[in-house]
**Q** 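Before anything else, here's the structure in question.
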Amino acid sequence: MTSTETSNTQAELPKTFQAEAVEARWLDFWRSGNFFRAGQRPDADPYTIVIPPPNVTGVLHMGHCLPQTIQDVLIRFHRMKGCDALWVPGTDHAGIATQHVVSENLRREGRDPRAMGREAFLEEAWKWKEKSENTIKSQIRSLGCSCDWTRDAFTLDEPRARAVRAAFKMLFDRGLIYRGLYLVNWDPVTLTALSDDEVDYEDEEGMLYHIRYPFADGSKGGATVATTRPETLFGDVAVAVNPQDERYASVVGRMVRLPLTEREIGIIADGFVQSDFGTGMVKITPAHDANDFDCGQRLGLPQLNVFTPDAKLNEHGGRFAGMDRFEARRAVVAALKEQGLLLKEEKYQTRLGRSYRSKAVIEPRLSEQWFVRMKPLAERAAAAVREGDIRILPKSYEGVWFHWLDNVRDWCISRQLWWGHRIPIWYRKGDPSRIVCFDGEGLPPEVAAEPAAWEQDTDVLDTWFSSALWPFSTMGWPEKTGDLARYFPTSVLVTGHDILFFWVARMAMMSYEITGQRPFADIFLHGLIFGKSYYRRHEGHLELIKGAEARELDEMPKLPPGVEFKWEKMSKSKGNVIDPLEMGRLYGMDALRLAITAYASQGRTIDLDRSRIEGYRNFVNKFWNAARFAMMVTQGVTAKEFAAGAPPTGLRVEDRWIQSQLARAVEGCTRSLERYEFDQYVGTLYDFVWKQFCDWYLELAKTRAWAAADVVARESRLASQVTVLEVLETICRLLAPALPFASEEVWQMIRTRLYGVEAGSPAPLLDGPNGAVFTPASLCVAPWPAAGAADQHAEDSVAYLQELVTAIRAIRGEMAVPLDMKVDIRIEEREPARRALLDTASAQIASLATVRSQLVSAAIAPPAFAATQVIRGTTVFVMLPDELRTAERQRLEKEIAHLEKGIAAANAKLANADFTARAPEAVVAKEREKLDRMAADAQAMRARLSALGC
RNA sequence: GGGCGAAUAGCUCAGUUGGUUAGAGCGCCAGCCUUACAAGCUGGAUGUCACAGGUUCGAAUCCUGUUUCGCCCACCA
């Protein structure tokens, strides 16, 4: 097969980039080629990322795409840098969240999840998990994520269960896990305890009730307490005042009668009571309030639970028993009012805790739970960041990290759920003091010997317990696996700052405690994606606009009057969710990834505008068309010619210029990626590909690439062709981490064209500087480019030509010279070197500025009429019809005014003696040079203006 | 109540240790289907860099205060 037979001609290549087909092709190719399987470079440094496992609660949304894309960019970058890159994928069983979703679904089908029993429910949950997990995996795949799927993990699978048992036992044996009766956050809807971090607090409008507790001896008066929760009074065991509060000094020690009951309780003093709040008297309900619990512990008060698990009053509620807590509140208030014991009700802003999953109002509940002792673990995690063992990016989150760890309370890890890791504890029936903790498979020996005498704890562990082990449980811990030795600790953790405590801090704590090592070297915290929701102003209040109407508004450049938008956290109820796959279909995954990467500045909210995705879609298409053009103008170039590199004798200044620009781009991209400055990385490429390569180099190359053989020397033509291919090939490699599909497509296209081999087939190694470039079977395993040398002379020369061309174009544009009218120009240039440059570039200038003829000389006799522009001492005359004289006057005046503004600014600076005395010499010199240049140009322009004479 | 972050063009955002006449994309205006690309090309307009002080020869950038917005943490019932 020869290269001509397999070459793509222009006609075969579509004018617009066909994202869908290209994505499918390379996804398949990468998968079958096993390119993402770690361990294929045993001598290379490992680079590891473990995915923050998405919850198997449903499908991925835009919020997930951000971390996945960033991780993939990092992994692909390091893979190309030669690392043994490993990205471990996986999913999280998400205890409460999943159990909640599965239960809801069952209820919708008319089934009662609780009545089904544990086994049957778990069966349903596993079914759900399979479905959700498959969806998530295929979504991650279609994003182009280069995960090593052979190492796929799930937080509830058997290897992870082994890790959970081992970790639990380890902590248990070290006394870091204990069980006790404490007040915990109870979710009365899902009927489980929650950790402190799983409770979201919201300000809500409530009432503060002042209730009179009459003296028990019947004497006049009593204690008036202020409370937001009158329904808990059945659990009161005391009334407390501040010991310093003189108003109540005399009543301390007296007894009062608890309203609506026959019970009597005492008035006590405790320092936590704030005298200036409410009445200065507080009812003490140790079983239902955290403060009161602490107070009760201090003073040895009894704990009286008055609620059932689903937050109905129990037998202590007397005639109110069986009522739901909110219903009971109304009833109790009504009864108190009737008895004249309700002295006052006032509106009051309270903070209500809600379950972060079920949104149910949390009820503090006294119950037997398992806890992790956090203090020693937290100290170690804090020290790790303080000492630089772990680096947090952006640094501003360090403060948050320390504050949380310094104030952390013990972690309640038991959950009264079914979906999760069973707590590996067995109790001896009838003797609760005898317990066994077992980390092996099946039953502990004692239990196996007498199964009937033991029962396993019915609770499961908090999801975050297994998540906390993730960086090493995915590596096979507690087994001493090869992966653990090679890939752990991991390189970086990429996640949102919203789970810094839930997850990140806990991984650090567990990892140091259990493995003695950090879980990751860097923590990169990204922003959270917000969506655009629309509102219509309607009689003073805002009305949410959803559905199709909102989609229409998305497309409108200007919103109709009365409609406004807000950026808000994406949620289904707001109707502002963007489906990543839909965006992928609309604009292509590459464009989506590029937009996300460019948006990934650190630690903020990200207002994702779809017009930005569209902008990058256009960029991908631009890149694609540059490739099409390259294929066109390099027809006939052989692999051997490419491998040998551009013939030096044929190189022109623009070839050296683009190579120099490329060197800077390579350096910029590399530096940005190493520093997690993703927006810089994308910005550098965008500018280089579009502004430098397409707008200038390819345009400059046209004159040679298309010229007939007798007009341009063969070497020159070949040099331009090879340069086009070299630069394009390097661009592919630079783009590959963020834009894997399009770059692979183009790269393989060049490879196939030159070598006549299909993707995946080995390309013959040829001699020459470029001989090895296409050796790898895929771009994703090609080496990251090394930065070449910058060429200052070439950069200056081309900058000069660019200014000249732009000046001529600007004149044409402002004077409205039609494009089909080629103009004649004269250039007055005193410097011989520049004249020489202009001579060699005349064909390029003609092509770029639509020029018919040009005359270059050290001195030009001013023509009768021409539009003129002076740039850096060079005068360009653009010969135009005389009727443009007036237009030219206006244009010159504007140009001169612009220059004068700059001159004035520079003059003011230089006139300041302090500036010339104190500013660094280089800065002053630069300013002076700038002033001289502008002054000379302005002078010349003024001369042209007066010569116009109209 | 504490802490953190943000405020730059109509919109979304850059602006690295203070040194330009403050940038990009989208949108806008004018002109172009110039044989890679109309998802394009060329030219153009657009800013009290939230506000007020201060430091400095010089501030979008550093300091102080103010305002607005967002987030996190916190046991006044």
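Quick caveat, the model's predicted, so the values are computed rather than measured. All chains are named by letter (A, B, ...) in the order of the sequence lines, taking the proteins before the strands, and each is independently numbered beginning at 1.
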**Q** A/Tyr599 has a side chain; which of B/A77, B/U12, B/A36 sits nearest to it?
**A** B/U12
**Q** Choose from B/A77, B/A39, B/G19 the nucleotide whose nearest atom is closest to any side-chain atom of A/Thr16.
**A** B/A39
**Q** Does B/C62 pair with anything, Watson-Crick or G-U wobble, both distances under 3.5 Å, and if so, with which nucleotide?
**A**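 The answer is B/G54, by the H-bond criterion.
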**Q** Between A/Lys566 and A/Tyr535, is NZ or CZ placed under 6.0 angstrom from the six-membered ring centre and within 45° of the ring axis?
**A**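 Checked: cation-pi criterion met.
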**Q** Answer with yes or no whether A/Glu699 presents, from its side chain, a donor or acceptor under 3.5 Å of a partner atom in the base of B/A36.
**A**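 It does, because a donor-acceptor pair links the side chain of A/Glu699 to the base of B/A36 below 3.5 Å.
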**Q** Start with the C-alpha gap between A/Asp236 and A/Lys283, add the side-chain angles, then the distance that decides, and say whether salt bridge (Lys or Arg N to Asp or Glu O under 4.0 Å) holds.
**A** CA-CA 6 Å; A/Asp236 288 2; A/Lys283 61 199 266 314; 2.9 Å; yes
**Q** When you get a sec, tell me which of B/U21, B/U12, B/A38 is the closest nucleotide to the side chain of A/Asp607?
**A** B/U12
**Q** Looking only at side-chain atoms of A/Gln274, point me to the closest of B/G40, B/A77, B/A14.
**A** B/A77
**Q** Do the side chain of A/Lys15 and the base of B/C37 come within less than 3.5 angstrom through a donor-acceptor pair of N or O atoms?
**A**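 Flag unset: no donor-acceptor pair detected.
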**Q** For the side chain of A/Phe915, starting at C-beta, report the closest nucleotide among B/C41, B/G19, B/U21.
**A** B/G19
**Q** Return the nearest nucleotide to the side chain of A/Glu814; candidates are B/G44, B/C37, B/A77.
**A** B/G44
**Q** Please lay out, stage by stage, how A/Glu345 and A/Tyr209 fare under the test side-chain hydrogen bond (donor to acceptor under 3.5 Å, both in side chains).
**A** CA-CA 5 Å; A/Glu345 359 179 12; A/Tyr209 303 93; 4.6 Å; no
**Q** So do the side chains of A/Phe530 and A/Ile606 get within less than 4.5 Å of each other, counting heavy atoms only?
**A**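 A/Phe530 does not reach A/Ile606 side chain to side chain.
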**Q** Where the side chain of A/Arg809 is defined as all heavy atoms beyond and including C-beta, which of B/G43, B/G70, B/A39 is the nearest nucleotide?
**A** B/G43
